[in-house]
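Only one structure is covered here, and it is reproduced in the block below.
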Amino acid sequence: SLLNTMYPNYLDNKLPEINITPKKVYEKKRAHFLKGPIPMHWLIAAANLPGKALHIANALWFWSGIKKSTTFNLPLNTIRDMGVSRQTCYTQLKAMKKAGLLSIKARKGKKPEVTLIVDQ
C-alpha cells in the first residue's frame with residue numbers, strides 16, 4: 001500500500017523520528033544527561049506549578065549544563081523536544097518567574113535571556 005511505502009514501519013506503529021533540536025547539541029557520540037547538582041527545592045517548586053513547568057525546568061537545566069552557566073538564551077528547540085509549545089513555554093516561564101525560580105530579560109528580535117535563580 002502507499003502508506004506502507006511511505007512509512008515502511010507503519011504496521012509496527014513506528015513512525016520515523018524527527019529531531020528538531022540543533023544537530024550541534026546532539027552531535028557528540030556520548031549519552032546526554034542533566035548536569036547537576038540541581039537544587040531539590042528548585043525542582044520541587046517547579047513540579048508544584050501547574051502545567052508543563054517541570055518539563056521546561058528540565059530543558060532549562062539541560063541547557064544550563066551545556067552552556068556551563070545559569071544564564072543563557074531560551075532554548076526553544078530543546079523545550080519543543082520536551083513536548084511544549086512556544087506559547088505554553090512563555091506562559092509557564094511567567095509562572096516560574098513569579099515563583100522566583102528564574103529571571104527573564106526580554107531582547108527585541110532575539111530569544112529572551114534566562115537566568116536560573118538557585119539562591120533561596
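Since the structure is predicted, the reported quantities are computational estimates derived from the model, not experimental observations. Heavy atoms only: backbone and side chains are in, while hydrogens, waters and symmetry mates are out.
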Exercise. With sequence neighbours excluded, tell me which residues meet side-chain contact (heavy atoms from CB on, under 4.5 Å) with I38.
Key: L34, L43, W61
Quiz item: How would you list, by chain and number, every residue that makes a side-chain contact (heavy atoms from CB on, under 4.5 Å) with K94, sequence neighbours excluded?
Solution: none
Practice problem: Would you check if there is a donor-acceptor pair between the side chains of S85 and T88 at a distance under 3.5 Å? | Solution: yes
Exercise. State which residue, out of V114, T115, I56, fulfils the side-chain contact (heavy atoms from CB on, under 4.5 Å) condition with L102.
Key: V114
Quiz item: For the atom pair CG (L60) and CD1 (I79), what is the distance rounded to the nearest 0.5 Å?
Solution: 5.0 Å
Quiz item: How far does CG of L101 sit from CD of Q92, to the nearest 0.5 angstrom?
Solution: 11.0 Å
Quiz item: So with a 6.0 Å cut-off around NZ of K67, is the heavy-atom count from everything else above 12?
Solution: no
Quiz item: Looking at A59 and P75, what are the two nearest heavy atoms and their distance?
Solution: O-CG, 4.4 Å
Quiz prompt | Smallest separation among heavy atoms of S103 and I117, with atom names | solution = N-CD1, 3.9 Å
Self-check item: Nearest heavy-atom neighbours spanning L49 and M96
Solution: CD1-CG, 3.7 Å
Exercise. Taking the side chain as every heavy atom from C-beta outward, state whether L74 and C89 have any pair of such atoms under 4.5 Å apart.
Key: yes
Practice problem: Over all heavy atoms of both residues, which pair between R107 and N73 is shortest? Give the atoms and the distance, please. | Solution: NH2-OD1, 2.8 Å
Quiz prompt | Those residues that, when tested against S69, pass side-chain contact (heavy atoms from CB on, under 4.5 Å) (two or more places apart) | solution = T71
Quiz prompt | Nearest heavy-atom neighbours spanning F72 and W63 | solution = CD1-CD1, 3.4 Å
Quiz item: Where is the tightest heavy-atom contact between N58 and M82, given as atom of each residue plus distance?
Solution: CB-CE, 3.6 Å
Quiz prompt | Flag, side chain of R80 to backbone of V84, donor-acceptor distance under 3.5 Å | solution = no
